[in-house]
Amino acid sequence: MSEPAIHIGVLYVDLFIGESLSLKDKRMVLRRLKDKIRPSYNVSMAELDGHDKWQTAMLGFSMIGNDRSYIQSALQSILNLIDGYHAVEICDHQIDFL
């Protein structure tokens, strides 16, 4: 039996949250953003950096599957959704495959 092709895609997004005036504001913005992404995409997400900073955050999204182009497309769609969200500005992003 041959081993299946397994692809793990990871999206890193550095965000600036200009409207945030406190950590509570930041958490509300990130929660709304995650609530927009979660129903549409089967991804794992986490805040990776900037926990104690009220206007910046690094989010990470990961997806595993056997179709690399599907994973690439889904992560790009998530990036586009984030880019269209009025409360945040994307400072940097990166998509990697493991």
Side-chain angles (χ1 to χ4, degrees):
M1 182 194 298
S2 64
E3 290 188 27
I6 298 173
H7 302 282
I8 302 169
V10 182
L11 168 64
Y12 303 98
V13 183
D14 283 319
L15 299 175
F16 176 71
I17 309 163
E19 297 177 3
S20 176
L21 301 175
S22 68
L23 286 174
K24 184 177 179 180
D25 289 344
K26 173 187 167 179
R27 286 188 204 106
M28 287 190 323
V29 168
L30 293 180
R31 185 175 309 120
R32 280 189 229 119
L33 184 61
K34 289 177 182 181
D35 288 345
K36 287 174 100 40
I37 293 169
R38 191 165 281 146
S40 302
Y41 302 96
N42 188 17
V43 294
S44 296
M45 8 181 191
E47 185 177 357
L48 303 175
D49 196 14
H51 299 283
D52 57 346
K53 297 178 182 166
W54 45 274
Q55 285 192 314
T56 61
M58 175 190 261
L59 297 181
F61 301 88
S62 65
M63 181 180 268
I64 186 169
N66 61 354
D67 186 350
R68 182 182 171 114
S69 63
Y70 174 77
I71 295 170
Q72 174 77 31
S73 175
L75 293 177
Q76 186 63 48
S77 294
I78 291 169
L79 187 61
N80 293 340
L81 190 147
I82 294 169
D83 193 36
Y85 189 59
H86 72 283
V88 300
E89 179 182 333
I90 296 174
C91 298
D92 195 14
H93 73 279
Q94 182 176 334
I95 296 177
D96 290 330
F97 281 88
L98 309 175

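Along the sequence shown, the residues carry numbers beginning at 1. All values below come from the heavy atoms of this structure, side chains included, with hydrogens, waters and symmetry mates left out.
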What are the two closest heavy atoms between [X] and [Y], and how far apart are they?
{"X": "L98", "Y": "V10", "value": "CD1-CG2, 4.0 Å"}
{"X": "A87", "Y": "V29", "value": "CB-CG1, 3.9 Å"}
{"X": "E47", "Y": "A57", "value": "OE2-CB, 4.0 Å"}

Assess the residue pair I95 and Q72 against the criterion (side-chain contact (heavy atoms from CB on, under 4.5 Å)); give the C-alpha distance rounded to whole Å, side-chain angles, the decisive distance to 0.1 Å, and a yes or no. CA-CA 8 Å; I95 296 177; Q72 174 77 31; 3.9 Å; yes
Evaluate H7 against Y70 for side-chain contact (heavy atoms from CB on, under 4.5 Å), listing each step before the verdict. CA-CA 10 Å; H7 302 282; Y70 174 77; over 6 Å; no
Within this structure, what is the [atom1]-[atom2] distance for the pair [X] and [Y], rounded to the nearest 0.5 Å?
{"X": "D14", "Y": "I90", "atom1": "CG", "atom2": "CD1", "result": "10.0 Å"}
{"X": "M28", "Y": "L33", "atom1": "CE", "atom2": "CG", "result": "14.0 Å"}
{"X": "L30", "Y": "D35", "atom1": "CG", "atom2": "CG", "result": "11.0 Å"}
{"X": "K26", "Y": "L21", "atom1": "NZ", "atom2": "CG", "result": "13.5 Å"}
{"X": "R32", "Y": "K36", "atom1": "CZ", "atom2": "NZ", "result": "10.0 Å"}
{"X": "I8", "Y": "D96", "atom1": "CD1", "atom2": "CG", "result": "12.0 Å"}

Any sub-3.5 Å donor-acceptor pair from S73's side-chain atoms to S69's backbone N or O?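 Between the backbone of S69 and the side chain of S73 there is no qualifying donor-acceptor contact (under 3.5 Å).
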Under a 3.5 Å distance rule, please check whether Q55 uses its side chain to pair with a backbone N or O of S20 as donor and acceptor.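 Here the side-chain-to-backbone pair exists.
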Sub-4.5 Å side-chain heavy-atom contact between I82 and I37: yes
Between L15 and Y85, is a side-chain contact (heavy atoms from CB on, under 4.5 Å) present by the stated rule, with each step listed? CA-CA 11 Å; L15 299 175; Y85 189 59; over 6 Å; no
W54-M58 co-clustered via ILVMFWY side chain contacts under 4.5 Å: no
Quick check on the hydrophobic clustering: are V43 and L79 connected, directly or via other members, by side-chain heavy-atom contacts under 4.5 Å?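 Linked within one cluster.
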